[in-house]
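Have a look at the structure below, then the notes.
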Amino acid sequence: MIRNKAGEFEDKTGEIARYQQQADSISITFNKGSTYPYGRDRVRVLRKPTPLPIPEGSCVEVDGQIWTGVRSVLVFRSAEGQWAHIVYQRKDGSEGVSYYLASQVEVRADVGASGIAADVRKYWRAVLSGMAPDDPLQDPHERMPYVHPGSALGAYLTGSPIETRDLATPPIYPFRCNLSQRAAVENALTRSVSVIEGPPGTGKTETILNLIANIVVQQGMVAVVSFTNSAVANVKEKLDELGFGHIIADLGNRDMRNAFFAKQSERNTEVSRFVSRTPPQPDERRLDEVDRQLRELQRADREKAQRQQELAAFRLEFEHFERHLHDDLPDLENLPLLRRSSDRILDYLAESDLQHEGLRPGLLRRIGNYFRFGPTSDLDPGDTDLVLALQRAYYRKRIGELESELDRLDSELEGAKFNDLAEEHQRLSTEKLHAELGDRYRSRNRRKYDHETYRQNRNFRSFIDDHPTVLSTCHSLRKCVPEGFLLDYLIIDEASQVNPLAAALAMSEDLCRNLVVVGDSQQLAPVEVTSESTATPPHPAYDVRKSVLESVHELHGEGLPSQLLREHYRCDPAIIGFCNKSFYDDELIPFSPNGMQPPMLVWRTVEGNHMRRYSGGGRMNRREIDVIDDEVIPLHCRGVDGDDIGVTTPYRGQVAAAEDVLDSGLINTVHKFQGRQKRVVILTTVLDESRQGRIGLKFVDDPKLINVAVSRAIDRFVLVTNHDTLPRSRHVRDLVGYIRYHGFDESVLDSDIVSIFDLLYQNYARRLRPLARRRRHQLRYPSEDIAWTVLHDILAEPAYLHLKAVPQVLVTQVLPNLDRLDEPQRHYVGNRASLDFVLYNRVTNEFVLAIEVDGFEYHANKPEQQRRDALKNEIMRRYGLRLLRLPTTGSREPERIRRELDEADRALARST
């Protein structure tokens, strides 16, 4: 009940009552015909109030919602029971009064005001005080006055034990599921805190969607948040595809909220169509029976995938083994041992190894071995060829067994119509969700909500019933849900990118009761919080440098319900196999088909140190860019659309350098590629074997960075690196070794791209040594002298005998006049600006081409020189004079020079 402009009091149904308060009683006179739920009589007098104490730092929860600004609560007794008279301050400063049953009103202590929770908040405030004043985390943390004891944030800050409950109803799966996803959903529905570890390609989004479906069916409310809006965009897209998009409030930032509310009419029309198409409730017994059968078949399907993985590994291992065998091994075809299982052959090899070491078995063991292995007295355990023949027999036997097991599993799955059963299970689950939502919306009027008023208490309850799933970012959720409103679940997606400060905002503003953290602990961590504070966290779990995923793992340890999504559906099995062995303890099970052959390659640049370091920080390697542009993409991306190719690198400087060569949008850093996928992914490591290269190795060789880079590729992954393949690394070295093992030596390729300027460095390609012997040593700078030598070689070719080259020519000497220049350009030309080389027609003396040799340190690292270079470029452009720049970080300079000369000759022919 609130005071209206007339001074009267209006309850939630819009009915008017007169109000009179005396010292020891309150008299309320309701309008005639009032249906106010707390009494039917027109006059209700409440006497002898008892004040409800509200300790400092506490708050008042009314009907399950936190009220801020409560000044007092008086409890009165009446014939119907106890009533609470609540006086509170509205946001505009005026006074409001409301009445509720006393049982609906409770004073809640602030769990964030004492103990470990207070220490954590003190630490966070210290960190925030050292951050930039305009940091978006600052203001919302300052305005977080209270931590609800029943909220996920309260449990997180106090480290409370995780609560357990039974499943309310059997789960449904409108989005197809597997065994791991089932376990993850059931964990979330029965625990107050749970984790879903979702490695790339394991159906993380489908798991979230199935969880949302079950929460909504149980009349629950859920928010899905992440660090960015794009991270949760898949959730909306998939729900839209299945026809359930109307349950979503996509509220993110201001623009998204405006777009959402602008489409209210369209959404309401869609809801009406949805209700009109509502199917009847599916047969629960049939749904349960299909679910039970499907679980059993999913176990068989998982076993089939594991056997396929094992078979591929044995075949590859056997191929390596046979490469080392000679042709005249003993013939063991009639040996009884080979009619036994592969395990028996392996057991015999172990037994014979012991005998060879001199450990002869006793009589009983020999008798036992006879029954296990058959007659083997003629076999000499010291005969190497015999052992190799038995090992070969073992491989063949085991491969045959695995092929038989796969045939059996295929027959079992086909006979039980596994795919048909999975489709029926999904259909019945979808019908269940549709029927439940149809019942909900059938009894509700279609409302259009306004972005200015939907958060008001009396509106938001209706709004959240209409839109039980809210999508937002961690930072924006606080602007989307009214203070103190209790949602049932908060799902934090891409949690490896969310630090505890951002996660706490999402947990606090909606006061969710249950928390589901979804991410991958082997993905890149969040951007590190920048703060001048040196404060130390009271417990390692709350360190702001961690992700919230790491935080809850550290907080709850072995007691944390955490489910790894094991079934992988994205990458070629060989590609995800590297990640699986290196980072996931071989827990993943590839279900994905083979992609391109070969799926993984290494391209090595020619010898030499090709990395360059910018003076302002950052690194680039133009040679690796040229390898990608001239060799990798033409040879290994044939038939692949440009949008399906991704080039990634640890360094922003490499991205900037590559954007001048590669198509726009093709390249980005590994951090920016996280969450994306491409058919072909090319990783350029940038580093070389120089001292600066070794300094950068820790950053490039980070296991999470390598994992993200490799797992972006669907069909093919190509590593472009230096000639030595970074031998001091750990994970890059393992990656190269893995690729070599899976593709043999054919998978490690050497680039043909060289530069004449490789002669400037100690380790240059052998093919340049003849040029080194021919160097003319006539010019001051080695780079120019090398270019001068190459120019003489080119001009000695028949096609260019009519040309001559002149070094160090003043710019003004090649210009017919200075009429086209502005004042800064005239000043530059007048200050002895020169061109490194000018090529003329030796017959007509006509200008043909100017060449500039750009050393990295002098040109790329000096802004003033870059300004002068730009002036020179513009001057030559104004007069239509060709200028070719040869950076010392480039490659294939002779081809570039010839190409420019040929183009100049064709241009001259066209003009005449």
Side-chain angles (χ1 to χ4, degrees), residues 601-606 608-614 618-638 640-670 672-673 676 678-688 700 709 712-713 716-723 749-758 765 783 787 851-857 859-861 866 869-870 873 877 882-900 902-903:
L601 292 162
V602 177
W603 272 86
R604 305 191 304 175
T605 60
V606 298
N609 293 331
H610 307 298
M611 184 199 79
R612 298 295 179 270
R613 186 173 181 272
Y614 293 105
R619 294 170 168 83
M620 61 86 71
N621 188 322
R622 177 57 186 265
R623 184 62 51 83
E624 292 185 5
I625 296 170
D626 290 344
V627 169
I628 292 168
D629 188 43
D630 294 343
E631 293 175 324
V632 175
I633 291 178
L635 292 173
H636 304 302
C637 298
R638 291 174 183 165
V640 180
D641 188 80
D643 291 339
D644 285 329
I645 302 170
V647 181
T648 190
T649 176
Y651 291 105
R652 287 192 294 268
Q654 183 78 333
V655 173
E659 285 175 340
D660 295 333
V661 179
L662 303 176
D663 291 341
S664 176
L666 198 64
I667 186 168
N668 217 323
T669 62
V670 178
K672 294 290 186 180
F673 255 92
R676 299 165 63 183
K678 299 286 183 179
R679 283 191 63 198
V680 179
V681 169
I682 305 160
L683 171 64
T684 159
T685 60
V686 177
L687 301 183
D688 56 24
V700 170
R712 301 308 95 199
R716 174 169 285 161
F717 172 82
V718 183
L719 175 70
V720 178
T721 189
N722 76 320
H723 187 79
L749 307 171
D750 288 322
S751 171
D752 289 327
I753 297 177
V754 296
S755 166
I756 60 176
F757 301 114
D758 288 348
S783 58
I851 296 177
E852 288 279 280
V853 176
D854 295 342
F856 181 81
E857 287 300 325
H859 288 263
N861 266 338
Q866 291 173 358
D869 289 346
N873 293 345
R877 188 196 66 78
R882 288 182 175 274
L883 173 61
L884 172 64
R885 289 193 174 275
L886 299 177
T888 57
T889 57
S891 60
R892 293 182 171 176
E893 292 79 9
E895 291 92 330
R896 295 186 63 200
I897 294 170
R898 291 188 187 97
R899 191 162 54 243
E900 284 291 330
D902 294 343
E903 180 57 36

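These numbers were taken from a predicted model, which means no experiment stands behind them. Positions are given from 1 along the sequence.
- Arg612 contributes atom CZ, which lies 8.0 Å from atom CG of Asn621 (distance to the nearest 0.5 angstrom).
- At distances below 3.5 Å, not a single donor-acceptor pair connects side-chain atoms of Asn722 with backbone N or O atoms of Asp688.
- Checked by atom type, the side-chain pair Thr684/Glu624 shows a donor-acceptor distance below 3.5 Å.
- Residues Ile633 and Val680 form no side-chain contact, since every pair of their non-hydrogen atoms from C-beta on lies 4.5 Å or further apart.
- Contact check for Thr605 versus Ile753: no side-chain heavy atoms found under the 4.5 Å cut-off.
- The shortest distance between side-chain heavy atoms of Lys678 and Thr648 does not fall below 4.5 Å.
- Val670 approaches Ala709 most closely through the heavy-atom pair CG1-N, 3.9 Å.
- Taking CZ of Arg623 as the reference point, atom OG of Ser751 lies at 7.5 Å (rounded to 0.5 Å).
- In terms of heavy-atom proximity, Ser891 sits nearest to Ser755 at CA-CB, 3.7 Å.
- Ion pairing of Asp626 with Arg622 is present here, as a side-chain N (NZ or NE/NH1/NH2) and a carboxylate O approach within less than 4.0 Å.
- The CD1 atom of Ile897 lies 12.0 Å from the CG atom of Asp902; values are rounded to the nearest 0.5 Å.
- Side-chain atoms of Met620 and Tyr614, non-hydrogen and from C-beta on, do get closer than 4.5 Å to each other.
- A donor-acceptor contact shorter than 3.5 Å is absent between the side chain of Asp629 and the backbone of Leu662.
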ask   = For Arg885 and Asn873, what are the C-alpha separation, side-chain angles and deciding distance, and is it a side-chain contact (heavy atoms from CB on, under 4.5 Å)?
value = CA-CA 10 Å; Arg885 289 193 174 275; Asn873 293 345; 3.0 Å; yes

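- The backbone N or O of Val681 sits nowhere less than 3.5 Å from a side-chain atom of Arg716 that would complete a donor-acceptor pair.
- Residues Leu749 and His636 form a side-chain contact, since some pair of their non-hydrogen atoms from C-beta on lies under 4.5 Å apart.
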request  = Please test Val627 against Arg604 for side-chain contact (heavy atoms from CB on, under 4.5 Å), starting from the C-alpha separation and ending with a verdict.
outcome  = CA-CA 9 Å; Val627 169; Arg604 305 191 304 175; over 6 Å; no

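- By the 6.0 Å contact criterion, CZ on Arg882 is enclosed, its count of non-hydrogen atoms from other residues, nucleotides or ligands being greater than 12.
- Of all the heavy atoms in Gly642 and Leu666, the pair that sits closest is O-CD1, 3.7 Å.
- The structure places CE of Met611 at 10.5 Å from OG1 of Thr685, a figure rounded to the nearest 0.5 Å.
- Here salt bridge (Lys or Arg N to Asp or Glu O under 4.0 Å) pairs that include residues 888-897, with residues two or more places apart or in two chains, are Asp630-Arg892, Glu631-Arg892.
- Without hydrogens or angle criteria, Thr649 side chain to Thr669 main chain gives no donor-acceptor distance under 3.5 Å.
- Considering CG of Asp643 and CG of Asp663, their distance stands at 10.0 Å, rounded to 0.5 Å.
- Note: Leu635 CG to Trp603 CH2 = 5.5 Å, rounded to the nearest 0.5 Å.
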